[in-house]
Each structure stands twice: as structure tokens, then as C-alpha cells.
Amino acid sequence: MGMDNMNTIESEDDLRKICTFCAEIKKQEQYNLYCEMFGKQINYRYILKETEHFLVIPPAGSFVPGYLEIIPKEHVPSFGKLSSKLDEELTCLRILVEDWIKKYYSKYVIYFEHGSANFKNRGGSTSDHAHLHIVPVPKYVDLAPSLFRDFNPIKIIDFSAIHEQVKNGNPYLLYTHHDNIMYICDASNAKSQYFRRETLIQLGLEELWDWKTNLGRENIMKTIEMSEKYAF
């Protein structure tokens with residue numbers, strides 16, 4: 001769910017009822033962005049891979065083919081709020097997705113998350129359901145300099161650090177460059193869609209920064225069709 005309905009929201013339970021990701025996970029038509037974009041004929045083709053606790057989908061706002069997201073089946077505002085017991089499953093799935101993207105799109109892949117602490121303290125996220133962006137990019141795209149310019153990131157070695165970040169109620173930005181160096185920082189003052197903005201600036205496509213007005217339907221369908229031809 002985006003920002004438009006926030007004035008009517010009073011609790012996390014309210015958000016679950018109208019969450020677009022939850023609708024997509026449960027294959028419900030109401031609040032399902034894919035059904036809104038493509039109609040019933042999409043027939044849940046947007047679910048490209050499923051594990052016990054996660055799904056892989058091509059996100060609304062795809063600005064290139066091969067752009068994917070991992071979403072947890074549990075409605076949580078960030079991956080930091082998930083049980084650390086799921087870190088291994090998440091890591092294995094991320095590697096699988098990254099390898100698929102490298103094989104069919106680009107050998108340079110970045111991934112990032114705007115990690116919300118709760119539905120009011122969002123860290124630049126426009127959704128109340130956790131989602132990890134995994135994006136094929138040209139070699140020259142590097143968001144680390146922007147991150148160091150605007151925040152105080154530190155290097156981390158795995159997902160365990162994100163759980164510590166949200167324990168104190170702090171949102172975070174998580175970024176991994178295509179050299180596999182992972183960074184995290186506090187995101188209390190992050191702009192909405194911070195990583196998307198910075199990526200598109202480097203791609204020369206800054207005008208596409210707002211996913212809500214640039215849904216990327218054609219790129220979504222190209223990714224779906226590629227996954228149907230070459231499964232994970």
C-alpha cells in the first residue's frame with residue numbers, strides 16, 4: 001500500500017487488510033496491483049518463485065526488465081522485523097534470484113531495502129510490507145557514494161545486522177553493491193524511494209523516480225515471460 005490512504009490508517013491491523021502485497025500473496029483480486037494493472041487474465045503469473053516463507057515477483061514500477069523483489073509471506077514492515085531464523089532461507093533465495101538475473105540480464109546486480117521500523121517510521125519506503133529490491137544494472141551504477149554522501153553507512157557481512165537496527169525502533173537503508181559489499185545505515189531522514197531515485201539519476205532516467213506514476217507494465221511482462229521460458 002502506498003501513501004495515499006495513510007490518513008485513514010490507525011493500526012498495523014488496518015494495513016494488513018488493505019496491503020497490496022498481502023493480496024498478491026493470497027491471490028486475492030481486491031487490492032491486488034497486478035489485477036489492477038493487467039486484469040484477471042494475469043492469473044497470478046506474477047509469482048515467479050515461491051519458498052516456504054517468501055515470494056519472488058516483478059515489482060510495480062519496474063524500470064528495467066529483470067527487476068525483481070523478494071517479499072515475505074508474513075506482513076512485517078521490514079526484513080529486520082522477521083525472525084532471524086529465516087535469514088538462511090532469505091539468503092539462499094537472494095543468491096538464486098541474483099544468479100538468474102546475471103544469467104539472463106546483467107552480470108551486475110544490486111539489491112536494496114528501505115527498512116521501515118513501523119508503519120509511521122518508514123525510512124523512505126512507500127509500502128508497509130517488507131520487500132527487497134534486486135536490480136540488474138550497468139557496471140557504472142554504484143549507490144555507495146550517494147549513501148556515504150547522505151548518511152553514515154557501515155559495512156556488514158550478512159542480514160543479521162538488520163535485526164539489531166530495528167530493535168531500537170530505527171528504520172534503515174540496506175544496500176549491496178555488485179562487488180557484494182553490504183552496507184546499512186540509519187534512515188530516519190531518508191527521502192521517499194531514496195534508492196530508486198539515486199539509481200535512476202545514474203541511469204539518466206530521473207523522471208521515472210515515482211513508481212506510482214511509472215508502473216513499468218511492459219517491463220513486468222517481459223520479466224514474467226522470461227521466467228516462464230527460463231524458470232528459476
Side-chain angles (χ1 to χ4, degrees), residues 1-7 9 11-12 15-16 19-21 54 59-61 63 67-72 74-84 86-87 90-91 94 109-135 137 141-203 206 208-212 214:
M1 187 203 74
M3 296 293 290
D4 297 338
N5 296 319
M6 284 303 294
N7 291 335
I9 297 302
S11 71
E12 296 279 2
L15 291 169
R16 289 186 180 89
C19 175
T20 58
F21 284 123
F54 301 100
F63 50 80
Y67 184 168
L68 297 173
E69 282 181 345
I70 296 176
I71 58 173
E74 180 182 353
H75 182 89
V76 291
S78 65
F79 284 90
K81 290 284 189 177
L82 281 177
S83 169
S84 59
L86 301 184
D87 286 356
L90 174 60
T91 299
R94 191 223 13 113
V109 179
I110 60 173
Y111 65 90
F112 56 81
E113 181 195 8
H114 301 90
S116 302
N118 51 57
F119 77 95
K120 293 183 178 179
N121 197 358
R122 291 166 147 220
S125 179
T126 60
S127 174
D128 303 287
H129 193 121
H131 51 293
L132 182 68
H133 303 255
I134 308 180
V135 191
V137 294
V141 171
D142 184 0
L143 305 187
S146 300
L147 206 58
F148 277 92
R149 179 194 66 207
D150 299 328
F151 303 96
N152 296 298
I154 60 172
K155 292 181 181 180
I156 57 176
I157 60 173
D158 56 33
F159 285 114
S160 61
I162 65 177
H163 304 293
E164 294 299 320
Q165 181 72 18
V166 297
K167 280 183 179 179
N168 297 321
N170 296 322
Y172 61 86
L173 295 175
L174 176 73
Y175 170 65
T176 297
H177 187 49
H178 45 70
D179 59 7
N180 292 318
I181 297 178
M182 185 184 296
Y183 304 90
I184 192 171
C185 65
D186 181 88
S188 299
N189 299 313
K191 292 181 180 179
S192 175
Q193 305 181 61
Y194 174 80
F195 282 128
R196 180 183 177 91
R197 290 173 188 258
E198 293 299 321
T199 303
L200 289 169
I201 287 172
Q202 294 191 27
L203 292 174
E206 188 175 2
L208 302 180
W209 75 268
D210 188 357
W211 71 264
K212 289 176 286 186
N214 297 279

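Just the heavy atoms: all of them, side chains too, but no hydrogens, waters or symmetry mates, feed the values below. On a predicted model such as this, the values are computed, not experimentally measured, just so you know.
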Inset, instruction - With the side chain counted from C-beta on, respond yes when Ile162 and Ser78 share a heavy-atom pair under 4.5 Å apart, and no when they do not. - result: no
Inset, instruction - Mind telling me whether His114 and Phe195 have parallel, tilted or perpendicular rings, with 30° and 60° as the class edges? - result: tilted
Inset, instruction - On the 0 to 90° scale, with breaks at 30° and 60°, tag the Phe21-His129 ring pair as parallel, tilted or perpendicular. - result: tilted
Legend entry - Straight-line distance of Glu164 CD to Ile156 CD1, nearest 0.5 Å: 11.0 Å
Inset, instruction - Heavy atoms only: give me the nearest Arg197-Ser192 pair and the separation to one decimal. - result: NE-O, 2.7 Å
Legend entry - Distance (rounded to the nearest 0.5 Å) between Ile110 CD1 and Ile134 CD1: 11.0 Å
Legend entry - Leu86 vs Phe159 side-chain heavy atoms within contact, under 4.5 Å: no
Inset, instruction - Look at atom CG of Asn152 and say whether more than 12 heavy atoms of other residues, nucleotides or ligands are closer to it than 6.0 Å. - result: no
Inset, instruction - Supply the atom-to-atom distance Leu174 CG to Phe112 CZ, rounded to the nearest 0.5 angstrom. - result: 10.5 Å
Legend entry - Smallest separation among heavy atoms of Leu147 and Cys185, with atom names: CD1-SG, 4.0 Å
Inset, instruction - Starting at CD1 of Ile181, measure out to NZ of Lys155 and round the result to the nearest 0.5 Å. - result: 4.5 Å
Inset, instruction - Starting at CZ of Phe63, measure out to CG of Asn214 and round the result to the nearest 0.5 Å. - result: 11.0 Å
Inset, instruction - Mind checking the OH-CZ spacing from Tyr172 to Phe79? Nearest 0.5 Å is all I need. - result: 7.5 Å
Inset, instruction - Please answer whether the main-chain N or O of Leu132 pairs with a side-chain N or O of Arg94 as donor and acceptor at a distance below 3.5 Å. - result: no
Inset, instruction - For residues Tyr194 and Phe151, establish whether the separation of their ring centroids is below 6.0 Å. - result: yes
Inset, instruction - Might you point out which heavy atoms bring Pro59 and Glu69 nearest each other, and give the distance in Å? - result: CB-CD, 3.2 Å
Legend entry - Closest heavy-atom pair and its distance - Pro72, Leu82: CB-CD1, 3.8 Å
Inset, instruction - Can you see which heavy atom on Val141 is nearest to which on Gln202, and at what distance? - result: CA-OE1, 3.2 Å
Legend entry - Closest non-hydrogen atom pair, Tyr67 against Gly61: CE1-O, 4.1 Å
Inset, instruction - Look at the side chain of Gln165 and the backbone N and O of Ile184, then say whether any donor-acceptor pair between them is shorter than 3.5 Å. - result: no
Legend entry - Heavy-atom donor-acceptor pair, Tyr175 side chain to Leu143 backbone, under 3.5 Å: yes
Inset, instruction - Taking the side chain as every heavy atom from C-beta outward, state whether Ile70 and Tyr111 have any pair of such atoms under 4.5 Å apart. - result: no
Legend entry - Side-chain (Glu198) to main-chain (Ser146) donor-acceptor, under 3.5 angstrom: no
Legend entry - Atom CG of Asp158: over 12 foreign heavy atoms under 6.0 Å: yes
Legend entry - His163 side-chain N/O to Ser83 backbone N/O, donor-acceptor pair under 3.5 Å: no
